[in-house]
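This report concerns only the one structure given below.
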Amino acid sequence: MSKAKAGERLPYLLAKLKTPRVLERLEQTAERARAESWPYEQFLETLLEAEVFARDASGARMRIRHASFPALKTLEDFDWSAQPSAERPLVSHLAQLSWIEERANVCFFGPPGTGKSHLAIALSLKACERGFRVAFATAQEWVSRLEQAQDRNQLETELRRLERYHLLVVDEVGYLPLERSAANLLFALVSRRYERGSIIVTSNRGFEQWGEILGDAMVAAALIDRLVHHATMITLKGKSYRLRERGLDVTPAAQAPSLRDSA
Ligand code: ADP
Ligand code: MG
């Protein structure tokens, strides 16, 4: 009777466990372990680490794809000297993401082209890398998504589904005024997420103008109240980076709220 060779069944077992990187590196790592007389623990650790790193990376890639960012912008390619009002230490602190664990929010204000969406995306990318689920859309897009759900009598289901995300980005609040019904949907979204999940909002209008944007001062006040209860506010100032790069400057002064970090 022939005795089974040691490790003969490993390819089968590793395939069954769905650990392709362990299988890939097995022979080479075993050789090295023998040559360098590794402890057994080091051998196992080396193999499992390769699998876990690869899984983390592909998970992050999937979350980034799923988030539907309009462009990939990072903190590393943000030019801080062009935007001193971005408060680098504060943004770096936000990049640690403890606010997402606390289900708190971040609001970026400032005129067009000052980097609001850039920073919102950059923080969101960090969140994806860290394992948080993120969804990005403009305020208009969120509203139409919720309108469609409402038309199918599925608003509640949709709001519940959105709870799966750790972070929603609501970009460009205030570029277009909203209908009363749309404002109510935006309010439903924000109030559903209150203390359940994080939101990043970007807006070219200060809160004092949100009554006008939302077409209803009461709805605006109730929405802002929930949004800012646990929130960090960052106001970007200055010229549009887009125009600045082209040597143009037609940006109006920032219409920024005086509110800051009410958390
Ligand atoms: P906003 O959302 O405030 O209108 P964006 O974040 O979309 O502006 O910025 C406009 C463009 O300029 C984007 O391509 C963005 O990457 C770039 N940009 C803005 N500010 C900076 C900055 N300080 N450093 C690098 N790129 C910037
Ligand atoms: Mg923007």
Side-chain angles (χ1 to χ4, degrees), residues 64-65 67-95 97 99-100 105-129 134-145 165 167-178 182-183 186 189-190 198-210 212-214 223-224 227-228 231-261:
I64 289 166
R65 202 169 330 127
S68 30
F69 298 117
L72 296 183
K73 304 282 179 177
T74 64
L75 289 180
E76 290 69 32
D77 40 64
F78 194 75
D79 178 356
W80 299 92
S81 62
Q83 186 46 282
S85 58
E87 298 180 74
R88 188 171 191 172
L90 179 55
V91 175
S92 304
H93 175 71
L94 292 174
L97 305 176
W99 55 281
I100 296 184
N105 305 322
V106 176
C107 306
F108 289 106
F109 297 100
T114 48
K116 301 181 298 294
S117 300
H118 186 130
L119 290 176
I121 293 168
L123 290 177
S124 303
L125 277 174
K126 288 261 184 277
C128 290
E129 282 159 13
V134 180
F136 183 106
T138 64
Q140 288 290 330
E141 289 163 349
W142 282 118
V143 163
S144 68
R145 179 168 170 170
Y165 294 97
L167 172 63
L168 299 186
V169 183
V170 183
D171 197 29
E172 299 186 352
V173 175
Y175 276 87
L176 295 167
L178 298 174
L186 204 57
L189 180 65
V190 170
S198 294
I199 300 182
I200 296 181
V201 163
T202 82
S203 181
N204 60 335
R205 312 285 200 91
F207 282 141
E208 69 283 357
Q209 292 175 57
W210 281 32
E212 211 178 300
I213 296 164
L214 300 179
L223 185 152
I224 292 165
L227 193 63
V228 305
T232 302
M233 251 68 78
I234 295 182
T235 299
L236 305 178
K237 301 192 181 78
K239 300 166 180 144
S240 163
Y241 196 86
R242 297 183 188 100
L243 300 179
R244 178 196 162 105
E245 276 191 315
R246 301 173 47 192
L248 302 165
D249 175 20
V250 296
T251 316
Q255 296 162 318
S258 51
L259 256 166
R260 279 205 21 94
D261 207 352

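Small disclaimer: the values here were computed from a predicted structure and weren't measured. Residue numbers start at 1 and run along the sequence shown. Note that ligands are numbered from 1 as they come in the structure, with each ligand's atoms numbered from 1 the same way. The figures here come from the full heavy-atom set of this structure, side chains too, leaving out hydrogens, waters and symmetry mates.
Residue contacts with ligand 1: Trp80 is placed with no nitrogen or oxygen under 3.5 Å of a nitrogen or oxygen of the ligand (distance criterion only).
Taking a cutoff of 4.0 Å between a charged side-chain nitrogen and a carboxylate oxygen, Lys237 and Glu87 do not qualify as a salt bridge.
Short contacts between ligand 1 and Lys73, defined as distances under 4.0 Å to a heavy atom of the residue, involve ligand atoms 13 (C), 14 (O), 15 (C), 16 (O). Close approach of ligand 1 to Tyr175 is summarised as follows: ligand atoms under 4.0 Å from at least one heavy atom of the residue are 4 (O). Within the listing of ligand 1, atoms 4 (O) sit less than 4.0 angstrom from a heavy atom of Pro112. Of all atoms in ligand 1, numbered sequentially from 1 with element shown, those under 4.0 Å from a heavy atom of Gln83 are 23 (N).
The one candidate from Val106, Thr138, Asp171 that meets the side-chain contact (heavy atoms from CB on, under 4.5 Å) condition with Thr202 is Asp171.
Counting heavy atoms under 4.0 Å from ligand 1, residue Phe78 touches it through both backbone and side chain. Only backbone heavy atoms of Asp77 (N, CA, C or O) come within less than 4.0 Å of ligand 1; its side chain stays farther off.
Of the candidates Ser240, Ser203, Gly115, Ser85, the one placing a heavy atom closest to atom 8 (O) of ligand 1 is Gly115.
Applying the salt bridge (Lys or Arg N to Asp or Glu O under 4.0 Å) test to Arg88 and every residue at least two apart in sequence or in another chain returns nothing. Gln83 is linked by a side chain to side chain contact (heavy atoms under 4.5 Å, CB included) to Phe78, Ser85, Ala86, Thr114, Leu236, counting only residues two or more places apart in sequence or in another chain.
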With side chain to side chain contact (heavy atoms under 4.5 Å, CB included) as the criterion, how do Asn105 and Val201 come out once you've worked through the C-alpha distance, each side chain's angles and the decisive distance to 0.1 Å? CA-CA 8 Å; Asn105 305 322; Val201 163; over 6 Å; no
Between Ile200 and Trp99, does a side chain to side chain contact (heavy atoms under 4.5 Å, CB included) hold up when you go through it step by step? CA-CA 11 Å; Ile200 296 181; Trp99 55 281; 3.7 Å; yes
Side chain to side chain contact (heavy atoms under 4.5 Å, CB included) between Ile213 and Leu176, intermediate numbers included: CA-CA 7 Å; Ile213 296 164; Leu176 295 167; over 6 Å; no
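Not a single N, O or S atom of Thr202, from either the backbone or the side chain, sits less than 2.8 Å from the Mg ion (ligand 2).
Ligand 1 lies less than 4.0 angstrom from a heavy atom belonging to Thr114.
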